[in-house]
Amino acid sequence: MKTADKLGVDGVRIWDASRAALMAIMDQEYDRRDIIPEVTQIVRSSLETNIDDAKTGKICKYTGKFETMGWLKKK
């Protein structure tokens, strides 16, 4: 959030938009009010950049962090 403050952006809003974008892309439940189309495009682009990690399963090493941040929930 300090970086967001330095850049003069609403870090909480961007964080919520990033989380909602990821959830939407993964076909999970999200609050549509959190979506910012430009943020969704950046999140999708970032995921496409890391598609090799996703295909090989290397991205799974991040799931613990995603849970801690509240992005993912175990069923």
Side-chain angles (χ1 to χ4, degrees):
M1 291 303 144
K2 288 181 182 181
T3 302
D5 292 341
K6 288 177 186 177
L7 294 172
V9 298
D10 184 349
V12 174
R13 177 84 172 101
I14 299 299
W15 177 264
D16 289 344
S18 299
R19 181 178 29 79
L22 184 60
M23 299 304 279
I25 291 166
M26 296 186 326
D27 202 26
Q28 300 290 316
E29 290 186 27
Y30 63 96
D31 188 337
R32 194 164 192 293
R33 294 174 293 186
D34 290 336
I35 293 290
I36 300 173
E38 295 84 357
V39 172
T40 302
Q41 291 171 354
I42 291 169
V43 170
R44 183 176 298 283
S45 174
S46 297
L47 290 174
E48 289 171 358
T49 300
N50 296 307
I51 196 71
D52 290 336
D53 281 351
K55 286 181 179 177
T56 62
K58 290 180 183 177
I59 202 161
C60 293
K61 66 184 174 186
Y62 301 111
T63 56
K65 290 182 182 181
F66 291 158
E67 281 183 79
T68 301
M69 293 186 296
W71 284 39
L72 297 176
K73 294 180 183 178
K74 286 186 179 180
K75 286 188 175 184

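If you're wondering where the values come from, they're calculated on a predicted model, not measured in any experiment. For the single chain, residues carry numbers from 1 onward in sequence order. Values below: all heavy atoms of this structure, side chains included; hydrogens, waters and symmetry mates excluded.
Residues forming a side chain to side chain donor-acceptor pair (under 3.5 Å) with Asp31 (at least two apart in sequence, or on another chain): Arg33. Remark: Asp34 engages no residue in a salt bridge (charged side-chain N to carboxylate O under 4.0 Å, His left out) (not counting sequence neighbours).
Nearest heavy-atom pair, Val43 versus Ile25, reported as atom, atom and distance to 0.1 Å: CG1-CD1, 3.9 Å. Of all heavy-atom pairs between Arg13 and Ile35, the closest is NH2-O, 4.0 Å. What you find for Ala4 and Gly11 is that their closest heavy atoms are CB-CA, 3.5 Å.
Linking Ile, Leu, Val, Met, Phe, Trp and Tyr whenever their side-chain heavy atoms come within less than 4.5 Å puts Leu47 and Ile14 in one cluster. Ile42 and Met23 sit in two unconnected hydrophobic clusters of ILVMFWY residues. Membership requires side-chain heavy atoms under 4.5 Å apart, directly or through other members.
When atom types are taken as modelled, the side chain of Ser45 and the backbone of Gln41 share no donor-acceptor pair closer than 3.5 angstrom.
Chaining together hydrophobic side chains whose heavy atoms lie under 4.5 Å apart places Val9 alongside Leu7.
A salt bridge does not link Lys2 with Asp5: every distance from a Lys NZ or Arg NE/NH1/NH2 to an Asp or Glu carboxylate oxygen is 4.0 Å or more.
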